[in-house]
Structures are given as structure tokens and as C-alpha cells.
Amino acid sequence: MLKLRNSFFFLPLLCFCFISISDASVHEYKGVKFVSKGNAFVVHGGSEGIYSSFADPQNLTSAIGDSYIRFEKVTFRRPKESANASSKPIQAVLFEVEDRESIGGSAYGGQRAVCCTADLAKLGVCLEGEVIYRPSTVSPNWPKVFGVSFNGDEEAATLRYSSIKVTKTGMYNLYFIHCDVNLKDLILDGKTVWKNPTGYLPGRMAPLMSFYMFMSLAFVILGIFWFSQYARFWREVLPLQNCITLVITLGMLEMALWYFDYAEFNESGIRPVGITIWAVTFGTIKRTVSRIVILMVSMGYGVVRPTLGGLTSKVIMLGATFFLASEVLELVENVGAVSDLSGKARLFLVLPVAILDAFFILWIFTSLSATLNKLQARRMMVKLDIYRKFTNALAVAVIVSVGWMCYELYFKSNDVYNERWQNAWIIPAFWQVLSFSMLCVICVLWAPSQNSTRYTYSNDTNEDFDKDDTDLALIKPSPTPSKDFRSAAEARPAQGGNGASNGDLEEDKTE
């Protein structure tokens, strides 16, 4: 008796393919070889989330609003030496992820197979040498299984041109399968076109186009606020504020480029390589500069130290290393053929970025601790208040990031077949929102104003700025300053004409 169990054969294939869905709605196959899986030879043709076609009450023939998967010039080629051998059909198997159990079967509870064996054929449930499948309990006309065979000594066989309309929203998977050992060297050429009602953008990526449009508007609003303040108080602008201006500009360019990238992708079905590379590069530069700016702020650059001193080369080296690692990872994920990248290769590229990020976080909080102690020791209460707010915001961002990473791991581990693909866009969108929120906090705390000089470094001969903050030995102030100290502090403004120094001393007096 034939028993159809869970589709264990497709589990490793689906796990592999759903880690990274193909990055184009026009799937091209150029000399793709079949891979042996169990008793079958398989090529993964694509996996995409597709929304159902829009209702067409007027029965219009226009393709606008239709969802479909179209096969164009899908050709199978066999070597010349195999042309004289008889062959079994090569079949295309298209199914929705919920119907995965309808593919394959086993006789008498034995080993599961995708291709019909002699024992199964004797039971009359399938034809030997063809794919085992049964109609879906939800959609009787699914899965779609059709194929082509070689005629005589032909070296090529072309699958008939067909367009399959999608009437149900779901994650659809396409496999090309044959069961003939004589065709083990078979190769595949051609393409399939996958279309959603609103365009060629894959279903899980479609919400990102609207998301990047709103993010572009958000950066424009932030840019208007920042640049208006910059123009009003340009004489008071600090070097640190110039770095923040660069980050905002890069963010505006990145969001706009991502939007145009997805818009062109949605229109043509082929991802524009040039726009994608520019979007990836601007985004990587923005993330690198952002981390360096946060590190510089944490070190007290321009506030308690005029320069980074001997740490400059180390900061530049860390930033350059992070840029290279992130650029390679982003280019591979967004420009390369993602579905062709194995899990080990992804891990090899992700690990360096994660390690460098962890190093940035460790260095940032170590420097922040030293800077806070220094400001408290020097009783610079206005600057100390700003740095405390910055530290709190940064700590919240790190805690939220860790929590979101845990959720992301939970999400992926419990969605093996990517059945929750409609919500997958939230994961990359969250990181963009979090980084934008952190940028807004920095812009509010360090916005250009007429009092910007109050937050700048004031010359003090008692401090050695060439030492690393983490190694600096701080002298704690006595709880009750002596009269001599008070008189010296009151006499100091008369000796110096630096406005920034006066600001610091006014802070001392408030204590």
C-alpha cells in the first residue's frame, strides 16, 4: 500500500533555497547541471512569494493585475554520446509550499522516493520513471507537473511555452526533475518569468519598495532640520557636526538609490546591477562613517580632547576593515546570485562583520565610560548631561538590537519553509529604522546652535590627551573644595579670553 508521508526529500532542498530567495523575477538558466538527490536528478528553478491575481470582473484580457509563472524556451540538452539511448521524460514540478507533502511517496512504509519505482508502478499509483505526486487537498489543480521527452537521437528537447496563472497567495517552488541515469549529464537552458499583480518584484521584497520611499522622506525631513540649523549657525559648526552632515547626506542617497533599485526591478523583472552596486556602496560607507562618528563621540573628540592622537590610525584601520567586510557581504547578497551561495559561504562572510561590530561596541562603551568619568571629575555638568543622554540612548539601541537578533533567529528557525514570507521584509527594515532613530538622537543632542562652543574642548594643561582614555588615571575631586581652589577658579576668567573656557567655568560655579 502506498503511504505518502511528509516530504523529507524536499526538506533539505527547501531549507537551502529558503535561506536566500533568488534575487530576480526573471530566472535565467545557463548550462545548469542536474544534481542527484535520492533516486532523482534535480534542478531548483526558483522560489518566490506570489500574491494572487487581482479580481477581473469585466474579463479583461490585459495582463495588468495578473500573477503568473511563465516558461520561456526552457531547453534540456544531453551529450551526443547519450543521444542514441532511450530516455524517460524530464518534468517541471511547480507547487505551493503547503502542498509539499503531495510530492513523492513510498511503498509499504519503505524509503521515500520522488521518482516512481518498479514496486510503486506495480501498485498502479504512478508510472515508472516519472515523478510521484497526488492532487492537493486545498487546490485540486495543483501541483502542476508537465514535461518533455527526447525524440529519437535528438540532443535537445524544449519544454512547451506555457503561462500558469496564480490564483492563490503563497510561496511557490519550481523544480526540474528527471529519473533517468542515462541523462545524468543533462544541462538546462532558458528562463522562467515570475510576476506579481503589481509588478515583477518578488512578493517578500515588494513591501520594501514602499518602505524605502517612506525612509527617503524621513531622511529629507531630518535633512531639512539639520541643514537649516547648519546654515543658521555655520560660524559655530564643529568638526563633529560636519561628520554628522556627511552621514545624513549618505543616508539620503542610500534610501533614494534603494527605492529606484526596487522600482526598476519591479518594472523590468531584472535587478539593475549599476544602481544596486551604488546603493550597496553608499549604504556601506554610511554605516562605516556612522560607527566611526559614534566612536569619536564616545572618545570625547572635540569635547574633552582636541584630537584622537595616536588612536587615529587605529580608528581608520578598524573603519577600513569594516567597510571592506561589509561591502563584500552586501554585494554578494544583493548583486550576486544569492540562491547559489551555500550556508557555509554566507557564514564565512557574515562572521567578520559580526566580529568587527562587536569590537566597535566594546570600544565605544569602554571609551564612553572613560569620557563620563573625565567629565564628572572636571565637573563639566552640561557636557556630562549630554553624554549621559547619549549613553542611555546607545545602551537602549544595543539592548533592542540584541533582542531583535534573538527574535530573528527564532523567526528563521521556526519558519523552515518560509511560509511567513509576507512578514520577512520587517527584519531588514527594522535595522534601517533603528539606525535612523540613533541618528536622530545624535542630531538632537549635537545640533548646530549659538551655544555649540559650550560643548567644545577647552584647553587645560592638567590633562594629557595623547593617552588612551582607557588607560588614563583620573584624579577624583574632593567633596569640599578649599577656599584657595575657589579663589583660583574665580580669578581664572580674568586671565583668559577663550569663550569656551568661560563656559566650562560657569558650569563649575553652578556646582
Side-chain angles (χ1 to χ4, degrees), residues 7 9-18 20-48 50 68-79 82-83 85-97 99-100 102-105 112-116 126-133 142-151 154-164 166 171-195 202 337-340 417:
S7 184
F9 172 79
F10 283 99
L11 178 60
L13 285 176
L14 292 175
C15 289
F16 164 72
C17 297
F18 290 154
S20 299
I21 302 303
S22 179
D23 65 341
S25 282
V26 177
H27 297 256
E28 294 188 2
Y29 319 109
K30 297 180 180 179
V32 182
K33 292 185 178 181
F34 282 72
V35 179
S36 176
K37 295 290 182 180
N39 67 339
F41 295 87
V42 182
V43 166
H44 176 237
S47 298
E48 283 190 16
I50 299 182
Y68 58 78
I69 300 172
R70 189 170 66 231
F71 295 78
E72 297 183 0
K73 299 179 180 179
V74 177
T75 303
F76 307 96
R77 304 182 188 279
R78 60 179 175 176
S82 303
S86 60
S87 65
K88 298 173 183 177
I90 306 106
Q91 295 175 293
V93 181
L94 179 64
F95 63 95
E96 204 272 329
V97 69
D99 300 329
R100 60 186 179 273
S102 64
I103 308 298
R112 186 172 183 81
V114 172
C115 292
C116 184
C126 59
L127 297 176
E128 185 176 358
E130 295 188 4
V131 175
I132 305 170
Y133 71 97
W142 288 81
K144 301 291 186 181
V145 180
F146 52 95
V148 65
S149 299
F150 289 98
N151 295 323
E154 291 180 346
E155 297 180 16
T158 301
L159 203 64
R160 71 180 185 274
Y161 178 92
S162 60
S163 181
I164 300 174
V166 177
M171 174 62 66
Y172 288 86
N173 309 278
L174 172 63
Y175 291 92
F176 297 101
I177 303 175
H178 75 81
C179 308
D180 193 347
V181 179
N182 296 325
L183 298 178
K184 61 180 180 179
D185 296 323
L186 191 70
I187 60 174
L188 170 64
D189 293 313
K191 69 178 180 179
T192 54
V193 180
W194 306 53
K195 183 181 177 297
V338 180
S339 58
D340 290 337
Y417 298 106

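All of these numbers come straight from a predicted model, not from anything done at the bench. Start at 1 with the first residue, then count along the sequence.
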Query raised in the report: Checking ring-ring contact (aromatic ring centres under 6.0 Å, His included) against Y172, which of W142, Y68, W194 comes through?
Result: W142
Requested in this report: Name all residues meeting the salt bridge (Lys or Arg N to Asp or Glu O under 4.0 Å) criterion together with E154; count only those two or more places apart in sequence or in a different chain, and write none if there are none.
Outcome: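 E154 satisfies salt bridge (Lys or Arg N to Asp or Glu O under 4.0 Å) with no residue once adjacent residues are dropped.
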Query raised in the report: Who are the side-chain contact (heavy atoms from CB on, under 4.5 Å) partners of S149, not counting sequence neighbours?
Result: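 With neighbours one apart ignored, the set is P89.
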Report task. Using the test side-chain contact (heavy atoms from CB on, under 4.5 Å), find all partners of C126 that sit at least two apart in sequence or belong to another chain. Result -> C116, L120, I132
**Report entry** Results of ring-ring contact (aromatic ring centres under 6.0 Å, His included) for F150 - residues two or more places apart only
**Finding:** none
Are [X] and [Y] close enough that some pair of their side-chain heavy atoms sits under 4.5 Å apart?
X: N173; Y: V97; value: yes
X: I50; Y: I69; value: yes
X: Y133; Y: F95; value: no
X: I90; Y: L186; value: yes
X: V42; Y: V35; value: no

Query raised in the report: Is H178 reaching over with its side chain to a backbone N or O of K88, donor-acceptor style, under 3.5 angstrom?
Result: no
Query raised in the report: Do Q91 side-chain atoms and V145 backbone N/O form a donor-acceptor pair below 3.5 Å?
Result: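 No: the side chain of Q91 does not pair with the backbone of V145.
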Query raised in the report: Salt bridge check: are E72 and K191 linked by an N-O gap of less than 4.0 Å?
Result: yes
Query - Residues forming a side-chain hydrogen bond (donor to acceptor under 3.5 Å, both in side chains) with D189, sequence neighbours excluded - result: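 In terms of side-chain hydrogen bond (donor to acceptor under 3.5 Å, both in side chains), with neighbours along the sequence ignored, D189 is linked to R77.
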Query - Qualifying residues under side-chain hydrogen bond (donor to acceptor under 3.5 Å, both in side chains), relative to T158, sequence neighbours excluded - result: T75
Query raised in the report: Mind checking whether F76 and F34 have parallel, tilted or perpendicular rings, split at 30° and 60°?
Result: tilted
Query - Interatomic spacing from CG in D180 to CZ in R78 - rounded to 0.5 Å - result: 9.0 Å
Query raised in the report: What is the distance from atom CD of E48 to atom OG1 of T192, rounded to the nearest 0.5 Å?
Result: 8.0 Å
Query raised in the report: Does NZ in K184 sit with more than 12 non-hydrogen atoms of other residues, nucleotides or ligands closer than 6.0 Å?
Result: no
Report task. Provide the closest heavy-atom pair for H44 versus S47 in the form atom of the first, atom of the second, distance. Result -> NE2-OG, 2.7 Å
Requested in this report: List the steps, then state whether side chain to side chain contact (heavy atoms under 4.5 Å, CB included) holds for F176 with V93.
Outcome: CA-CA 6 Å; F176 297 101; V93 181; over 6 Å; no
Query - is_close_aromatic(F146, F71), centroid dist under 6.0 Å - result: yes
